[in-house]
Amino acid sequence: MAAHQEKKLAQERKHKTTQNDTQTSQVQWGRAWEVDWFSLASILFLLMFAPLIVYYFIMSCDQYQCSLTDPLIDLLTGNKHLSDIWHKTPMLTSRAAGIYSLWVAFQVVLYMFIPDFCHKVLPGYVGGVQEGAVTPAGVVNKYEINGLQAWIITHVLWFANAYYFHFFSPTIIFDNWIPLLWCANILGYAVSTFAMIKGYCFPTNAKDCKFTGNFFYDYMMGIEFNPRIGKWFDFKLFFNGRPGIVAWTLINLSYAAKQQELYGQVTNSMILVNILQGIYVLDFFWNEAWYLKTIDICHDHFGWYLGWGDCVWLPYLYTLQGLYLVYHPVQLGTANAVGILILGLIGYYIFRVTNHQKDLFRRTDGNCRIWGKKPEYIECSYMSVDGTKYYSKLMTSGFWGWARHFNYTGDLMGSLAYCLACGFAHILPYFYIIYMTILLTHRCIRDEHRCFSKYGKDWKRYTAAVPYRLIPGIF
Ligand code: NDP
């Protein structure tokens, strides 16, 4: 596959041209965004309030049985003061610091020092050294794809140590959840700040840095595109996948173990959440090589948004359903459970097939079959900063002919299924679908803005051919 990509890139590079004025706008893709007041306001809001939002949700479960309104009512009526809530909040402990340090160090070891073995034994799995997409500066990075292996080793060790050797309780994560939150925040801020300093002082690739001149924007959205330490420690791949996403399934398992401990049984809703989110996580690692071609890796720079987001936001807020079910052990009727399972599986199917169609299309340069037919597409071109002209294709058939981001639609259906598993007694578990709807709609718009800057009039031809974003005929 790597050889095929080399050949494709070599063919694409043949079209080197001299940059002229009319083409300059196209070179802006992926960089030099102007910071408008709305972006700046959103960034300041998130920098100030995102850590508080995470704290508020987790504290609401710890002190108010996951009610989001009760803490506010208590504060507004003077029943409680902020200091009362704060004093009841567990602080950072040496035990949590030890667990967290060991956890992150272990993930670094798995990432850096154990080359992938899975691709040698698992048919169809793409692992080992793989190439990412071309960066705006024209660089193609290599990555060691070994996330599935890290996930498997971590989970085998988890089950062995929690249930066979009894080195720790399977509820260890739940039992230290708030002290671990402080550790995750320390790492999230440390890595984002380090990335900012590194961007100024010793960037991995200076041509792929983005300086907008606005400190807050640069801190949040990142300066360096692909910061690395040494040849292989890639910040984006590591922090995006591990420790956050490897932890996701362990966190859910810990919640299930807590239900078992508290109520003597694990509810079907907890099993559903574990299964559906487990599929999503496994899908991520099975397709980690594909992930190199997604927006997170291909287009986003590494700043607080990814650094803190991966350390804190993802593990704490993506797992709210399981946490909620520890406090409210919902047992669903069979019809509801089956309905939610079907919704989750259809959502996953759409998500996976849509992503697969684009991956296959791009990998084979359109020489493939989508739904049994040769794919239809629009030819387009773009340029990197050095003036090299590249050619690409935008597919207009398969799910990509239904809507421009039908993969997001599938993702949203799956997200809704996790939330519905928690019943309707509280809003807290629905945070995920609300958040994902905002995230993916905003992402759609952000991506389209970028694609327009990249492809110019070719992108307009594409949007004319596929007029809807998420829901055919509606949006
Ligand atoms: P996409 O995989 O949709 O990638 C968008 C890019 O694909 C565009 O920038 C463009 O890149 C290329 N592209 C767009 N249209 C076409 C087309 N018609 N044919 C071929 N290529 C096209 O977006 P993401 O990377 O955001 O998402 C990947 C998956 O990850 C999604 O399924 C999403 O739901 C999921 N996701 C999940 C999140 C979570 O928190 N759970 C967060 C974000 C995403 P190019 O420049 O190469 O042309």
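Start at 1 and go down the list; that is how both ligands and their atoms are numbered. Please read these numbers as outputs of a predicted model, since none were measured by experiment. FYI, the numbering just counts along the sequence from 1.
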For the pair [X] (side chain) and [Y] (backbone), establish whether a donor and an acceptor sit closer than 3.5 Å, ignoring hydrogens and angles.
X: Lys258; Y: Tyr327; result: no
X: Asn252; Y: Gly278; result: no
X: Arg469; Y: Cys444; result: no
X: Asn336; Y: Leu332; result: no

Heavy-atom distances under 4.0 Å are what count here, so tell me which part of [X] touches ligand 1: side chain, backbone, both or neither.
X: Leu314; answer: neither
X: Phe284; answer: neither
X: Asn355; answer: side chain

Go through ligand 1 atom by atom and flag the ones less than 4.0 Å from a non-hydrogen atom of [X].
X: Asp411; value: 33 (C), 34 (O), 35 (C), 36 (N), 37 (C)
X: Arg443; value: 26 (O), 43 (C), 44 (C)
X: Tyr455; value: 45 (P), 46 (O), 48 (O)
X: Lys454; value: 45 (P), 46 (O), 47 (O)
X: Tyr318; value: 39 (C), 40 (O), 41 (N)
X: Thr294; value: 25 (O), 28 (C)

Would you call [X] a ligand 1 contact, heavy-atom distance under 4.0 Å?
X: Tyr462; answer: yes
X: Cys451; answer: yes
X: Lys293; answer: no
X: Val466; answer: no
X: Arg404; answer: no

- Once you round to the nearest 0.5 Å, how far does CH2 of Trp402 lie from OG1 of Thr409? 10.5 Å
- Query: Taking atom CD1 of Ile346 and atom CG of Leu341, what is their separation to the nearest 0.5 Å?
  - Reply: 10.0 Å
What do you reckon, does [X] have a nitrogen or oxygen under 3.5 Å from a nitrogen or oxygen of ligand 1?
X: Met395; value: yes
X: Arg450; value: yes
X: Trp290; value: no
X: Trp400; value: no
X: Tyr280; value: yes

- With Asp116, which residues qualify under salt bridge (charged side-chain N to carboxylate O under 4.0 Å, His left out), at least two apart?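 Checked Asp116 against salt bridge (charged side-chain N to carboxylate O under 4.0 Å, His left out); zero matches.
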- Message: A cation-pi test, strictly: NZ or CZ of Lys457 under 6.0 Å from the centre of the six-membered ring of Tyr462 and no more than 45 degrees from its axis. Yes or no?
- Response: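 Not satisfied by the 6.0 Å and 45° rule.
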- Do the numbers put Arg362 on top of the ring of Tyr377, so that NZ or CZ is under 6.0 Å from the six-membered ring centre and no more than 45° off the axis? no
- Among Arg362, Lys358, His299, Arg446, the residue with a heavy atom nearest to atom 47 (O) of ligand 1 is Arg362
- Which of these, Tyr432, Tyr408, Phe351, has its nearest heavy atom closest to atom 27 (O) of ligand 1?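 Selected option, by shortest heavy-atom distance: Tyr408.
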- Message: Assess, by modelled atom type and distance only, whether the side chains of Gln259 and Thr267 contain a donor and an acceptor separated by less than 3.5 Å.
- Response: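 Result is yes, a qualifying pair exists.
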- Message: Using the rule ring pair (Phe, Tyr, Trp, His ring centres under 6.0 Å), only one of Tyr219, Trp308, Phe235 pairs with Phe302; which is it?
- Response: Phe235
Which side-chain N or O atoms in residues 425-436 pair as donor and acceptor under 3.5 Å with protein atoms at least two apart or in another chain?
| from | atom 1 | to | atom 2 | distance (Å) |
| --- | --- | --- | --- | --- |
| Tyr430 | OH | Cys419 | O | 3.4 |
| Tyr430 | OH | Gly423 | O | 2.9 |
| Tyr435 | OH | Trp313 | NE1 | 3.2 |

- Query: Could you walk me through whether Asn407 and Ile350 pass the side-chain contact (heavy atoms from CB on, under 4.5 Å) check?
  - Reply: CA-CA 6 Å; Asn407 49 350; Ile350 293 174; over 6 Å; no
